[in-house]
Structures are given as C-alpha cells and as structure tokens.
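Chain letters run A, B, ... following the sequence lines, proteins first and then strands; every chain starts at 1.
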Amino acid sequence: MILNSLNPAQQEAVRAPLGHQLILAGAGSGKTRVLTHRIIWLIEVEKISPFHLMAVTFTNKAAKEMRTRVQTMLQIPAVHLMWIGTFHGLAHRLLRAHWQEAGLSQHFQILDSDDQYRLIRRVIHALNLDEDRFPPKEAQWFINAQKEEGRGPHQVERDYTRQTFIKIYEAYEAACQRASVIDFADLLLKSYRLLLENAELRAHYQARFRCLLVDEFQDTNTIQYAWLKILAGEHNALMIVGDDDQSIYGWRGARIENIQRFSKDFPDAMVVRLEQNYRSTETILKAANAIIAQNASRLGKNLWTAGQVGEPITVYAGFNETDEAFFIANRIRDLQNHHAALKEIAILYRSNAQSRVLEEALMQFGIPYRVYGGLRYFDRQEIKDALAYLRLVANRLDDTAFERIINTPTRGIGDKTVTAIRDHAKMIGVSLWQALETLLSQHYFAARAETALISFMNLIQTMGERTATEKLHKQVEYILNASGLIDHYHKEKGEKSLTRVENLEELVNAAYQFSQEGTQDDIPPLAAFLAYAALESGEDQAEAYDDCVQLMTLHSAKGLEFPVVFLAGCEEELFPHYLSMNDPKKLEEERRLCYVGVTRAMRKLFMSYAEVRRIYGKEAYHRPSRFLREIPVELTEEVRFRTKVSRLQPSKKTTTTFPEAPFRIGQEVQHRVFGEGTVLDLEGEGEHLQVQVRFANVGTKRVIASYLIAK
DNA sequence: AACACCGCGTTTTTT
DNA sequence: ACGCGGTGTT
C-alpha cells in the first residue's frame, strides 16, 4: 500500500530492515518521497512510535515540508512526538532541556553571525590587538572552523601563526560564557559534548531515538556527523540520504568524505542508488550526466528517465551582459505569450552581482520578478535593534545586546562613557550591565552622563516589569514604543525610513503569529521567540508570492525545480569562478554547482554567456564556460547575436532567422532612456541587433535595436 | 551627532 | 562601479 507509488529502488529503501542505510539519491529522484515514506513505513509497518524517531535536515524549510508531508499521510495525532528539525534547531532543543548539565544559564541566547562578528571585534580590541593584523572576519572564520571540527581553544594545534587567533578564541569563549550567549556552531558542539560527557543523558537519548533519518547528508560537517553518530550509538538505525554530486558547500565546512566515512563506520550499511529521475527531460539529464562525468572523485551514479527527450538546450552567445539580459527577457516574454506562468521560470547565476543587469532588463520589459537571498527579515538593522531590547530585558548579561542599544536611539551616552563602562567591565571581569551598576553607585560619571545612564537603566528595568505578565506581542509592542525606536526611525530621512517603521510594526505581527503557532513546551515564550528569530529566516511569512520570475544564485536553487531555467553568465572566470579555477577540488565543486543548476530544469534549459562583461568597472573578455563544452553538441542549439564565428563547437541546428535591420547608419533615433541620438554602427541581426548610437545627452552607447524608435 | 570624504575589497549561505 | 566602514569636519 505504502509502496504502491514507488519504483523498485525507492521501495527497496523504504522497506529496508531496521539498520543502517546509505541512500544515494540523484537529483530529482524523489528522495523526499523516500524519506517521508520511510517514516510512514517505520510507524505503520515496523510499529515504531513517532516518539522514537528523529529526522534531521539543514534548512527550516525542508524540516517544515517533511513534517507537513508526514502529517498529511498519517492521520495519527502522535506525529508531534517525533523530532523533526534542523541540526541547529534540534541541538537547541537539547540544550534548552538540559541547560544545567550543559553548563549554560537558563536564559542563554543565540548569537547570529553578525552578533558574533561584533563580539569578536570587541574581544580583539579588548586584547589590545591591531585590527588590521588580526581582522575580525578572519578570527571569526578561524573560530567557526575550529568549532566545526569539534575543537575548543585548548584543542587547537598550537603554532606560531595561530597563537594569537587561539588567544582570541579563548577570550571570545570567555566573553560568551560571561554574557550567556552561544553561537551557531556552539549549538552543535555543546550539545555534542553534553552527550559525550554525560553518560546518563547519552543513554537516555540513545534509548529514545531508535531511528534517525538525515537529509542532504553530503552537506554535513565534522561536528554534525559526530553528533549523529553519538545519537545513533551502537544500536539505533541511521538512514542517510545524500548526493555526492550535489555537494556545493565544501567552502563552509561540509565534508563530502562523510559519506565514505559512513560506509567505513557502518560497514553493514545497505546502499541504495536512486537513479531514475522524474523531473527533467532526457536531453537535460544527458547534459547533466556529461558535465558531472568530468569529475574524478565520485561515488558514481547515472541519472535516467522514462520520459520525453524534450527540447534541445539553447545556448546563447551574448555580446555583452546587457545583450544577454535582453535575450533572456525576450524569451520570457515569448513564454509569457505562450501562457507560461512566470513563477515557473527561474534565472540562475553564480554570484549575486549578476542580478542587477537582469533585473534592469526585466524591469524594462515590465516582467515581474522576485530576487531571492536578500537580507533576512530578522537581520535588518531596525529589527536587530528591537530584538536587542528584548534580549537585554530577558538577560541583563547580554553584552552584545547592551552595546547595540545603549545609545540607539541616541540618548546622550557618548563613546567616552561607553568606553569607561567597557574598561571597567573588563577590569573586574563582569558584564557591561553590572559594570554600569557599580560605576553609577560610585558616582563615577558627570551629572549629564549619569542622568542619561540612569534613565537608560530605568527604561530596561521598567520594560522588564511592565512586560512580565503581558502576552508576547504586547511585550514587543510596548518595547518598540518605550524604546523610542519607532520615533527614531520615523524621523530618519530617506526612503528607508518608512519601510523600517513598517518592518518594526511587522515584528508585533511576527510575535503574535509565533505565539499562535504553539511554541515548544518548556521554554519561556520570550526566549523561544528570540531563538526563533535567530534560527529561522522569517521568510515563510512573506512567502505569499505572486506570479513572478524567480531570480537566485545557483546555491539557493538547490532543492528547487522549475519548468524553465535560464543559466546566465556561463563564462570562464565567472562560472567557474576565478577564485575556484586553479584548485582541482574547488573546480570540481564548481562543476557540481553547474550540475545542480542544470538539473533544476524540468522542460527547457537556456544557457547563456556574454563575450564582454563589465566587472568591477572594467571590461572583461571571457571565454565561454568549459561546462558548455562538456555538454555533447547534439543536445544543444546555438543562438548567436552576431555572425562572427563562435568559439563553441558548431552544432547541428543554428536558429538565426530574424527579419532585416530597420535602421541605417546616420539615422536619427529616439531611445526611451537615453533620449535622442544618431546611429553610428550596426551589429548583429534581427532580434539581437545592436546599434551604436551617439546620444545628444549621454554620449555614445551600444543599445538593443528594439529599444530604439526611428524618427 | 550628523554629514562628507576616502580607500578598500569584491563567490557562494544556513543556522 | 559601488557600497561599506572608518575617519575627519561642522
């Protein structure tokens, strides 16, 4: 019954006996289906209570989706007993439940990477180190890398070059401890240590989670793998699902080798390959297979489909990035005329900077679009300010929050005053809040500063008292007004002012919605909300999306699929990126990224490049990406904007049948943006005709013919 | 405390 | 090119 809708390989994975399994799931092979069906199987056939199950993902979105799917397939009420979540979310849950055993304060808060950066910078200053010799960014990178490998400050191999970084690491740890805050890596590391060092808890959780399921295993880092292993213990069943060919996060610590390590650590593990693809056309799959086949280090997999051959992959050689963008916009307009929904179309690119030209073209065409991967809601300046008030109210020791709001909005507490507090705190080794209390009791400050400081302390105290009994969203509302943040951003000039106030007001809604959704059992609501703000993107509220073309980086496209995909900027130096071209390992990761991009497409794939591109203000000539050459020519059709011989190998079909140019040299023309001008030169033909025009006001420019009107 | 200017760096991103 | 962060000016 459960197995009916599955293919043989999927069935094998779902009904496997209890034990360890490695599921190598190619792109579009239905791995989420397998995971959810396996959970159902465990509950319904193996009669294992959801209480004994844990499923781990990387993103909140994936976790949410899995929970929903399981819930709809299984109408038993006990599903909530199952632990489904991200590594960080589940680790957080463990630490909240056992804060004492983990050596934490009950009110510990989570530091996001921006908070972490600020704290590290302060630590570097406090150590009297030169910020230029020891950049906070590098220190942050160093510390996180150590934590991800499971090493505390004393476990780092000491050598001359690292000595100072180790010192910073140590001081940073002390600062976190003092402020009772922990960073993202700590969630994993501290919960891992908790299980490692506390035999009783370890036994408890090992007895509880009899089956563990892990998604996107190729993205796990060292500490995450250790975390899974300790939970799995000797007897629990561990099912990992992953695809070595889609490992694109090596640069942030993901260990692709974990897959091989798993096979060594669990030699009895059953291996299932899911190679039948249900997403893409045969043409697209052949291209993807051909590209990824160039990588040497692979476990090996070959996607196939029972579906259609489909259309060839269109490769477009643009003259420059603008031309490329116009080509894409034109094609989208065609698709639109053929009744395609815009949300079924995605434009993917290697780096965020590429989105601008594409956006400009879409805007000129009047095509609605949405760019993914901007600033998270909870990362916005004004939201972080508001959250800092909440944090300080919840925990007076939170120095990061203290620093952020002591003079935001400005209340006459200058740099000198804050430095004095900092110095005093450092001297006697207490938090800023405590240092401030002591200094005030000694009447250390001048009258003016003293008044300001006292009113600040009163403000926070009153907030604490006034909000003690209120509902969460009322607390937020009160704090927004009492802090003066709303007024402050209201008075700020510029276009941002209004959005900022709106964002702040939205925080009240976010808090309300959060408390409606029924939080986790034993955590106080405010602490739970703050943790939520740190751990969730907050994207799902804004997810009420319309019919828009989707613009995003290749990285953010992982896990998604679209009927039509444009892969823009397929040029050497850009993709593969020049910073990753010379290291074979990194180059292979770029290639996997290309594989991910290609396999996002269901029906039709366009790949494009520009012969000239403006990068950092300079014109750069790049060859077409090697990935284009790795695709068998018979799978592609080439479209060029001009008749010049392309550097690509010739392909069978070349579609260049456009009408004659409507302009001649010397003609007076009008452009909707640049105004009036004279035609100097013509290049290309038809749809892709480029015209060089000397404009009366803006000088000589090369523009697309369809944007010119003859006079 | 608000504003102007200068110099630098510049892939990818989640939690 | 462009934006950000740091420094200096009013």
(message) Need to verify one output field. Residue with the more 5' nearest nucleotide on DNA chain B, A:Ile248 or A:Leu535?
(response) A:Ile248

(request) Answer yes or no: is there a donor N or O on one side and an acceptor on the other, between the side chain of A:Asn320 and the main chain of A:Asp323, under 3.5 Å? (result) yes

(request) Using the test ring pair (Phe, Tyr, Trp, His ring centres under 6.0 Å), find all partners of A:Tyr169 that sit at least two apart in sequence or belong to another chain. (result) none

(request) Send over the distance from A:His577 NE2 to B:dT10 P, rounded to a whole Å. (result) 10 Å

(request) May I ask you to evaluate whether A:Asn352 reaches the phosphate of B:dT10, defined as a side-chain N or O under 4.0 Å from OP1 or OP2? (result) no

(request) Report yes if a side-chain nitrogen or oxygen of A:Thr86 is closer than 4.0 Å to either non-bridging phosphate oxygen (OP1 or OP2) of B:dT15; otherwise report no. (result) no

(message) Could you report the tightest heavy-atom contact between A:Ile291 and A:Phe627, atom names first, then the distance?
(response) CG1-O, 4.0 Å

(message) Between P on B:dG9 and OH on A:Tyr616, what's the gap in Å once rounded to a whole number?
(response) 12 Å

(message) Given A:Ile256, which partner from the list A:Arg592, A:Glu589, A:Gln246 fulfils the side chain to side chain contact (heavy atoms under 4.5 Å, CB included) test?
(response) A:Arg592

(request) Using salt bridge (Lys or Arg N to Asp or Glu O under 4.0 Å) as the criterion, list what pairs up with A:Arg252, not counting sequence neighbours. (result) none

(message) Would you say the rings of A:Tyr205 and A:His98 are close, in the sense that their centroids are separated by under 6.0 Å?
(response) yes

(message) Rounding to an integer number of Å, can you tell me how far A:Leu554 CG sits from B:dT14 P?
(response) 14 Å

(request) Would you mind telling me which of B:dT15, B:dT12, B:dT11 lies closest to the side-chain atoms of A:Leu579? (result) B:dT11

(request) List in chain and number order the residues that pass side chain to side chain donor-acceptor pair (under 3.5 Å) with A:Ser113, two or more places apart in sequence or in another chain; answer none if no residue qualifies. (result) none

(request) Look at the side chain of A:Ser113 and the base of B:dT13, then say whether one donor and one acceptor between them are separated by less than 3.5 Å. (result) no

(message) Considering only residues two or more places apart or on different chains, which pairs with a residue in residues 124-151 of chain A satisfy ring-ring contact (aromatic ring centres under 6.0 Å, His included)?
(response) A:Phe134-A:Phe165, A:Phe142-A:Phe165

(request) Between A:His88 and A:Arg411, just flag the one whose closest nucleotide in DNA chain B comes earlier from the 5' side. (result) A:Arg411

(request) For residues 400-415 of chain A, pull every pair meeting side-chain hydrogen bond (donor to acceptor under 3.5 Å, both in side chains), keeping only residues two or more places apart or in separate chains. (result) A:Arg122-A:Glu403, A:Asp385-A:Arg404, A:Tyr389-A:Arg411, A:Glu403-A:Arg422

(request) Can you sort out the partners of A:Arg613 under salt bridge (Lys or Arg N to Asp or Glu O under 4.0 Å), two or more places apart, ordered by chain and number? (result) A:Glu324, A:Glu571

(message) Heavy atoms from C-beta onward define the side chain here; which of B:dT12, B:dT11, B:dT15 lies closest to that of A:Thr59?
(response) B:dT15

(request) To the nearest Å, give me how far apart OH (A:Tyr249) and P (B:dT12) are. (result) 11 Å

(request) Whole angstrom is fine here: how far is it from CG in A:Asn221 over to P in B:dT14? (result) 16 Å

(message) What is the first contacted nucleotide of DNA chain C and what is the last, in 5' to 3' order, if contact means an atom lying under 4.0 angstrom from a heavy atom of chain A?
(response) C:dA1 to C:dG6

(message) In whole Å, I'd like the distance from the CG atom of A:Asp215 to the P atom of B:dT15.
(response) 13 Å

(request) Apply ring pair (Phe, Tyr, Trp, His ring centres under 6.0 Å) to A:Tyr489 and list each qualifying residue two or more places apart in sequence or on a separate chain. (result) none

(request) Please identify each residue that fulfils salt bridge (Lys or Arg N to Asp or Glu O under 4.0 Å) with A:Arg448, with sequence neighbours left out. (result) none

(request) Measure from CD on A:Glu589 to P on B:dT13 and round the result to the nearest Å. (result) 13 Å

(request) Compare the minimum distances between each of B:dT11, B:dT15, B:dA1 and the side chain of A:Asn407, then state the nucleotide with the smallest one. (result) B:dA1

Considering only nitrogen or oxygen atoms on both sides, find all protein atoms under 3.5 Å from nucleotides 2-7 of chain B and state each distance.
residue	atom	partner	partner atom	Å
B:dC3	OP1	A:Lys493	NZ	2.4

(message) Categorize A:Arg592 for me: base, sugar-phosphate, or nothing, with a 4.0 angstrom heavy-atom threshold over every strand shown.
(response) nothing

(message) Please list, in numerical order, the residues of residues 413-422 of chain A that have a heavy atom closer than 4.0 Å to any atom of DNA chain B.
(response) none

(message) Just the rounded figure in Å: distance from C1' of B:dT12 to CG of A:Leu574.
(response) 12 Å

(request) Give a yes/no on whether any side-chain N or O of A:Asn60 is located under 4.0 angstrom from OP1 or OP2 of B:dT14. (result) no

(request) Apply salt bridge (Lys or Arg N to Asp or Glu O under 4.0 Å) to A:Arg255 and list each qualifying residue two or more places apart in sequence or on a separate chain. (result) A:Glu149, A:Glu257

